[in-house]
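Throughout, a chain's letter reflects where its sequence line sits, starting with A, and its residues are numbered from 1.
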There are 4 protein chains.
Amino acid sequence: MGLDMRLLFIGDVCGRAGRQVVVNRLPDLRARWDLDCVVVNGENSAGGFGITEDICDALLNAGADAVTLGNHAFDNRDALVFADRQPRLVRPANYPSGTPGRGATVVETQKGARVLVVNLMGRVFMEALDDPFAAAERELAAAPLGHACDAILVDFHAEATSEKQAFGYFVDGRVSLVVGTHTHVPTGDHRILAGGTGYISDAGMSGDYDSVIGMHKEEPVRRFLQKTPGGRLEPAGGEATLCGVAVETDDATGLAIRIAPVRLGPHLGEARPDFWEP
Amino acid sequence: MGLDMRLLFIGDVCGRAGRQVVVNRLPDLRARWDLDCVVVNGENSAGGFGITEDICDALLNAGADAVTLGNHAFDNRDALVFADRQPRLVRPANYPSGTPGRGATVVETQKGARVLVVNLMGRVFMEALDDPFAAAERELAAAPLGHACDAILVDFHAEATSEKQAFGYFVDGRVSLVVGTHTHVPTGDHRILAGGTGYISDAGMSGDYDSVIGMHKEEPVRRFLQKTPGGRLEPAGGEATLCGVAVETDDATGLAIRIAPVRLGPHLGEARPDFWEP
Amino acid sequence: MGLDMRLLFIGDVCGRAGRQVVVNRLPDLRARWDLDCVVVNGENSAGGFGITEDICDALLNAGADAVTLGNHAFDNRDALVFADRQPRLVRPANYPSGTPGRGATVVETQKGARVLVVNLMGRVFMEALDDPFAAAERELAAAPLGHACDAILVDFHAEATSEKQAFGYFVDGRVSLVVGTHTHVPTGDHRILAGGTGYISDAGMSGDYDSVIGMHKEEPVRRFLQKTPGGRLEPAGGEATLCGVAVETDDATGLAIRIAPVRLGPHLGEARPDFWEP
Amino acid sequence: MGLDMRLLFIGDVCGRAGRQVVVNRLPDLRARWDLDCVVVNGENSAGGFGITEDICDALLNAGADAVTLGNHAFDNRDALVFADRQPRLVRPANYPSGTPGRGATVVETQKGARVLVVNLMGRVFMEALDDPFAAAERELAAAPLGHACDAILVDFHAEATSEKQAFGYFVDGRVSLVVGTHTHVPTGDHRILAGGTGYISDAGMSGDYDSVIGMHKEEPVRRFLQKTPGGRLEPAGGEATLCGVAVETDDATGLAIRIAPVRLGPHLGEARPDFWEP
Ligand SMILES: [Fe+2]
Ligand SMILES: [Fe+2]
Ligand SMILES: [Fe+2]
Ligand SMILES: [Fe+2]
Ligand SMILES: [Fe+2]
Ligand SMILES: [Fe+2]
Ligand SMILES: [Fe+2]
Ligand SMILES: [Fe+2]
């Protein structure tokens, strides 16, 4: 066919500011870059903690094909209910069995391609969950690239760079893109691994960067100085930056042939996929 | 005087590959960019774990003005001895009192400017040490910017992005540059904070990026799959990438006026301070 | 004088059930065992999380000479205020400077003896605080046993047995009693160390043991099975057990000459200091 | 038949001192108390770290029917090999699949009863392993009490008292004894839960208690004071205390009807199962 696929992943949408930048800009980006598939991490989209059905719908309506989550998946209990009826919402696959929702979903693009979207959580410095490497093995066995689907995107939600990199090598050649999330800071290590998997340690958050990982900075800073209880953590409300990663896959293999960071907004240096700019 | 200062920080030098890229390229960079002061994190320079006196000397001879450390500071016990006699080696200032070496040092540049170099370790997901925020307060009180020194560089060696960002705001306006280290992955969030402090969450390591945070990848990947003992961790030996951050300070204030990432070598996208390129 | 001192320490009072058993039984115990000094850990006395001024007063009125705390010290924000005006309330001494309240207090017994009560928090598997060993050194230097006071009781609030035991040896011979708290389970390792310091790794909680560390067991058990949010943690309300440790000190040295566990109530095997039983 | 079963569990055997007390005393205890089944935790039996085949044999020859392990299971790599050929050695069942050895074994007593011995590791403050609650569910489904076996002993190797207690309630009525290990300190909370399961949060270690959790105390204490590398950890070599728990099960149900701590040796108060003493 000769039709490569263009994927955009957008990192942890943080609060109202983060939602606004995604809702405002994604429709244009989708058209401008002729995107086939967009995946957005929404674990912080509802006031910084979790996601509601309305917000999930808003992200999907803005042009996301699927929404992934992380350790904050169920902070807003709405998600305990609507996760089961929203097939395009994906929570970490290595949650215990019985957890509402699903750990992977297949999105069909307008051109008819199938994209497997998997969400996993790391375990280093994180909650005790089941083995994400074993969970990935199961998901990939169930829907191998080139057979059950035309592209595979894994949102690996984790703290430690060692675990993220190890995971990247573990699935290299079997997945189109491994994108790390959770630290809320974009990394500068986007690349295509030897086996053809696109990789970046962290996509960064989409939110106001005049903040501590998306939150009004006064209270987080105070918590490092004092060990007494204080105010609540609230998402910072200034102008947000959209952060993510753009990947183009080879139609023949489903593997990555181009990768570039995306950073649009104040505070951080702008980054765009030059190879898609008209 | 109208003479701004040009600082280069180079992130965690990892093993022989990391040393080679620094020793080979730093002399040229120093000349090409007309650098006033270079600081190198050397906590992984000896086989990935710690530093020896010979290696420290090699880094200094290659053009470093000071060498900082981190949680691996004393992995090689050489450092327990020579840390006391090498005034240009700086270990985290929030180690317990009685720890060999010093937590801060003042470097004099060729043009006669004084640069205070401070090393601190974060505590989130790290060893229990004394409060790095309180330690910073003490160091800055002892040698305030604009009085006792003309520039201040803090290597904040930490895991969590929240702690790094909070620290950046905490010293914003009082320090020329806060550069995070320890994750061995460069972040894409270099910027100048509102008060004038240059900031980047992580400089990245200087070493072979075809690795898990600088180490041959087979053993680290295995350790995520199996919980049994296996081989040793060895630094990866392929061609290394030099990672760091370039900052220019304002002569009048000692604060940052320009900041750019530096990434020179394979695997990662190249980055240079355009504003210094001849 | 020939007058030895009798000290009773009562472990983490947990919720209403815990308060009741202490308030109901302490007056009798104080008389029956002719106690000179009673110290109660109250960090869980208000609904399992923190302490209020009324509850603190109730514990003092029931016969406590001092109330110690721990990681839950300020969960109830009342304590942020009344800690400063209640000299018999002691929060961990290794909180950052500026924390309300005090880390040590001297209690005068009815016979005129002075008992230094110190509260410290361990750092292994706990929050990042300042070094408890260094803090102990400072407190002991300020009020050494046999000089500034006649007995010293340290409530070492910590998770890891290694840190508790190491602390015991560290102050052995300089303190009358090191009593561990925080795990909410009494240990069977009460003894007098070589230097004369009474030691027990954990006093156990005072509360309803038909629970998970004092809390209604359904929700904690659920949290180990599911990683989704659920109900709140509520103190178990069944009949409580009073747990603690009884120590007799030598008038000449202030060191321990007798030690015994105290466990009074259902669920656990009863334990009393036989040497004081009439 | 009217024949109840007598089980003795002995906690983490620590180094040579621990082995000696077990080898010297177990034969007599086995006869004196007419024991049906003895299980010994051997994770620290080889120099404090792991176990060798010779040591495992020595423990079995001294009267153990099975040997359990924990986080130090494979510190001595001997165990990677002989775990597969020694059916009476049990390592945590929630290690990843592919780990050498087995997570449960059935021991036949001299009177012909079958005792299922399961080893599990907790996850709070421990390594990331698979869910021990789910693993227990699988083991109990495979060999339910009263059907596939006449008694079930679970060595739950964990740090946090909350996880240990929650696990006890989780299997209450389905298991004869849940015995915690790993903290190396015996707890005083032995009891029979409402459903009939004997429970103790920790059996304590078997070793020299003039130590920090079994190790020569100088180096562990130093490590709390200094953060520099020092000497090795070596098991303390003084006279050891045998620690454990004694349980009698009801022949009709396989559940516990009596439970008592066992502490034999210096430093700690002696404890014996009075109900078995001749
Ligand atoms: Fe997030
Ligand atoms: Fe997250
Ligand atoms: Fe490093
Ligand atoms: Fe480090
Ligand atoms: Fe407590
Ligand atoms: Fe506590
Ligand atoms: Fe152990
Ligand atoms: Fe252990």
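Only the side chain of A:Tyr169 comes within contact range of chain B, with at least one heavy atom under 4.5 Å from a heavy atom of that chain. Contacts of B:Glu137 with chain A are absent, with no heavy-atom separation under 4.5 Å from either backbone or side chain. Contact annotation for A:Asp189: both backbone and side-chain heavy atoms come within less than 4.5 Å of a heavy atom of chain B.
For the set A:Phe167, A:Phe125, A:Tyr209, A:Phe133, the count of heavy-atom pairs under 4.5 angstrom toward chain B peaks at A:Phe125. By number of non-hydrogen pairs under 4.5 angstrom with chain A, the leading residue of B:Ala271, B:Ser211, B:Pro220 is B:Ser211. Contacts with chain A were tallied for B:Ala160, B:Gly188, B:Ala134, B:Gly269; B:Gly188 has the most, counting heavy-atom pairs under 4.5 Å. Heavy-atom pairs under 4.5 Å with chain B peak, among A:His190, A:His267, A:Gln165, A:Arg222, at A:Gln165.
Interface residues of residues 255-264 of chain B toward chain A, defined by a heavy-atom distance below 4.5 Å and sorted by number: B:Arg263. Interface with chain A: from residues 177-185 of chain B, residues B:Thr183, B:Val185 qualify, criterion being any non-hydrogen pair under 4.5 Å. Interface with chain A: from residues 193-206 of chain B, residues B:Ser201 qualify, criterion being any non-hydrogen pair under 4.5 Å.
Put simply, the side chain of A:Ser162 reaches to within 4.5 Å of the side chain of B:Phe224, judged on heavy atoms.
Applying the side chain to side chain donor-acceptor pair (under 3.5 Å) test to pairs two or more places apart or on separate chains, none has a residue in residues 230-244 of chain B.
For B:Arg16, the CZ atom sits in a loose shell: 12 or fewer heavy atoms of surrounding residues, nucleotides or ligands are nearer than 6.0 Å. Counting heavy-atom neighbours within 6.0 Å of A:Arg191 CZ, excluding the residue itself, gives a total above 12.
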